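Because only heavy atoms are used, hydrogens play no part in the values below, and waters and symmetry mates are left out as well, while side chains stay in. By convention in this document, chain letters (A, B, ...) are assigned in the order of the sequence lines, proteins followed by strands, and residues within each chain are numbered from 1. These figures come from a predicted structure and were not determined experimentally.
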Amino acid sequence: MELEIDPLDLDMTLGCGQTFRWRRSEDGSWSGPLGKRLVTLKSDGDTLAISARPSGEGVAEAVARHLRADDDIDRIQRTLSKDSVLGQGVRRLRGLRIVKMDEWECLVSFALATYANIPRISRMIDSLATEYGRRIAPGTHEFPDQARLSKASARDLRRLGLGYRADYVKGICDGLDAGGLDRMTRMDLARLREELKTLPGVGDKVADCVSLFGFGRLEAFPIDVWMERALKRLYGQEGTYRRLREFAAERFGPFAGYAQEYMYMNERGLASGQACAFSAQR
DNA sequence: GCCCAGGAGTGTG
DNA sequence: CACACTCATGGG
């Protein structure tokens, strides 16, 4: 089956550390678990070819939701390109889309992401899925829901190589009551962040990642070590998390999340083309 | 061996 | 508030 999502660059969108379970094949297609299916995506011009195992209803809709097909990228780019630093540099990243993950999977994934690199985060999540998630296709397991993951003790989780993050995952399973995440979907960003931060392993940065990639709050602006570098290099901004977040909110407004992802890609040099598309403010 | 990684928690000034 | 220290572990 096919879907029209334009613009879309799968390499940028699925390979940049927003989400951790998609894998790229030699032919440029991407495969990963989405819901209870193993989905494979391949871009062909302006259309996206989709296959799924097992096949079934609603796959295209799930893909469209995951890739935020309804985001008006041109409008977002026009808005952000008014920024004197981002300017026309954002065009090169036009195909990068913010992903919409399942809230639970996103929460646990980014609690695991503390002080680890992306390949290792992927491995930890795969280990969790293999050990506690339902098998949905050969070699692929669903991300375990809260009930299934709650069966794991902190020691079990440490044996999977999670390190001290094992206590975070255990604490989240124990500390999040049923319906907790559902209630959070109706909160404004400030309250959502505070609510998420009551959970172990969730501080400022993880709360912002979960708000952005899990709850779809495009105004959230996660700041990791790469973003600290970018903000200092491009805008001369440094200081506490709070100070930097307030700077970003003021400067980028409702699409701060996209601005963040553009700057993150740019800082890491993960986009094709020249290393730096943005010009530092002087 | 050394340095770093999509940081958080805790204690101290 | 802001800072300093600790927390495990794999990869370059």
Side-chain angles (χ1 to χ4, degrees), chain A residues 11-22 93 96-101 103 105-128 131 152-176 193-218 220-234 237-248 252 256-271:
Chain A
D11 291 345
M12 288 184 187
T13 302
L14 300 178
C16 70
Q18 301 185 66
T19 180
F20 303 100
R21 300 205 67 198
W22 291 93
L93 295 157
L96 171 61
R97 310 186 76 97
I98 298 287
V99 155
K100 169 67 176 78
M101 290 174 72
E103 292 87 344
E105 178 176 346
C106 188
L107 169 61
V108 176
S109 295
F110 278 95
L112 290 176
T114 66
Y115 209 48
N117 53 32
I118 293 173
R120 187 173 176 209
I121 299 164
S122 297
R123 264 200 319 282
M124 289 190 280
I125 294 170
D126 277 346
S127 298
L128 277 190
E131 197 70 20
S153 69
R155 180 189 283 184
D156 293 335
L157 296 171
R158 270 179 195 268
R159 272 199 287 267
L160 289 180
L162 306 195
Y164 59 88
R165 305 168 193 84
D167 297 326
Y168 295 163
V169 173
K170 185 62 187 161
I172 289 171
C173 286
D174 293 344
L176 191 62
R193 295 177 83 264
E194 291 315 305
E195 199 67 26
L196 287 168
K197 282 169 64 176
T198 64
L199 297 168
V202 183
D204 284 319
K205 191 266 178 181
V206 171
D208 280 327
C209 284
V210 177
S211 299
L212 179 57
F213 307 129
F215 287 87
R217 305 302 170 85
L218 292 188
F221 191 88
I223 302 164
D224 67 344
V225 292
W226 295 97
M227 286 304 298
E228 281 182 9
R229 287 171 205 155
L231 287 168
K232 180 174 182 183
R233 190 169 64 80
L234 295 172
Q237 294 293 319
E238 47 190 330
T240 65
Y241 195 99
R242 177 177 189 150
R243 183 180 138 67
L244 293 175
R245 172 164 47 81
E246 285 169 353
F247 169 80
F252 306 116
Y258 268 96
Q260 183 272 163
E261 208 57 25
Y262 292 152
M263 291 167 65
Y264 178 80
M265 293 287 284
N266 183 69
E267 190 67 21
R268 297 199 56 174
L270 292 177

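Between dC3(B) and dT6(C), the two P atoms lie 16 Å apart (nearest whole Å). Between the P atoms of dG11(C) and dA8(B), the separation comes to 23 Å (whole Å). Straight-line distance between the C1' atoms of dC4(B) and dC7(C): roughly 15 Å, to the nearest whole Å. Nucleotides dG1(B) and dT9(C) are separated by 15 Å at their C1' atoms, to the nearest Å.
The side chain of Arg120(A) has dG10(C) as its nearest neighbour among dG10(C), dG6(B), dA8(B). Closest approach to the Lys205(A) side chain among dT9(C), dA8(B), dA5(B) is made by dA8(B) (side chain taken as heavy atoms from C-beta onward). Closest to the side chain of Gln18(A), from the set dG6(B), dA2(C), dC7(C), is dG6(B). For Tyr264(A), whose side chain is taken as the heavy atoms from C-beta onward, the closest listed nucleotide among dC7(C), dG10(C), dG6(B) is dG6(B). Of the candidates dC4(B), dG10(C), dA8(C), the closest approach to any side-chain atom of Asn117(A) belongs to dG10(C). Comparing dG7(B), dG10(C), dA5(B) by their closest approach to the side chain of Arg123(A) singles out dG10(C).
For Arg158(A), a side-chain nitrogen or oxygen approaches OP1 or OP2 of dA8(C) to under 4.0 Å. Dashed line: the shortest gap from a side-chain N or O of Arg242(A) to OP1 or OP2 of dC1(C) is under 4.0 Å. Dashed line: the shortest gap from a side-chain N or O of Arg165(A) to OP1 or OP2 of dC7(C) is not under 4.0 Å.
Ring-plane geometry between Tyr264(A) and Trp226(A) is classed as perpendicular, the angle between the planes exceeding 60 degrees on a 0 to 90 degree scale with a lower cut at 30.
Between Leu162(A) atom CG and dT9(C) atom P the separation is 10 Å, expressed in whole Å. Counting to the nearest Å, the P atom of dG7(B) and the CD1 atom of Ile118(A) are 9 Å from each other. For the pair Leu196(A) CG and dG9(B) C1', the computed distance is 17 Å after rounding to whole Å. When the P atom of dG10(C) is taken as reference, atom OH of Tyr164(A) falls 13 Å away, rounded to whole Å. For Tyr168(A) and dT6(C), the OH to P distance is 15 Å, given to the nearest whole Å. Arg159(A) places its CZ atom 20 Å from the C1' atom of dG10(C), with the value rounded to the nearest Å. What separates CZ of Phe110(A) from P of dA5(B) is a distance of 16 Å, to the nearest Å. In this structure, Tyr115(A) places its OH atom 16 Å from P of dG9(B), rounding to the nearest Å.
Each of Ile121(A) and Pro200(A) was matched to the nucleotide of DNA chain B holding its nearest heavy atom; the match closer to the 5' end belongs to Ile121(A).
Here Glu228(A) lies out of heavy-atom contact (under 4.0 Å) with every strand. Residue contacts for Leu199(A): at a heavy-atom cut-off of 4.0 Å it reaches the sugar-phosphate backbone alone, with no base atom in range. Within the nucleic acid shown, Gly201(A) comes within 4.0 Å of sugar-phosphate atoms alone, with no base atom in reach, counting heavy atoms only. Counting non-hydrogen atoms under 4.0 angstrom, Asp167(A) reaches nothing in the nucleic acid. Contacts of Arg243(A) with the nucleic acid, taken as non-hydrogen atoms under 4.0 Å apart, are absent.
A donor-acceptor pair is defined here as one N or O able to donate and one able to accept, closer than 3.5 Å; no such pair exists between the side chain of Asn266(A) and the backbone of Met263(A). Side-chain atoms of Tyr168(A) do not come within 3.5 Å of backbone N or O of Leu112(A) as any donor-acceptor pair.
In the interface, the side chain of Tyr241(A) is not paired with the base of dG7(B) through any donor and acceptor atom under 3.5 Å apart.
Look at Glu246(A) and Arg242(A) and you find a salt bridge, because one of the NZ, NE, NH1 or NH2 atoms lies within 4.0 Å of a carboxylate O, short of that distance. The pair Glu267(A)-Arg233(A) meets the salt-bridge criterion, with a side-chain N (NZ, NE, NH1 or NH2) lying under 4.0 Å from an Asp/Glu carboxylate O. Contact check on Asp204(A) versus Arg193(A) returns a salt bridge, with a Lys/Arg side-chain nitrogen under 4.0 Å from an Asp/Glu carboxylate oxygen.
Here the side chains of Pro200(A) and Asp167(A) are not in contact, with every heavy-atom distance at 4.5 Å or above.
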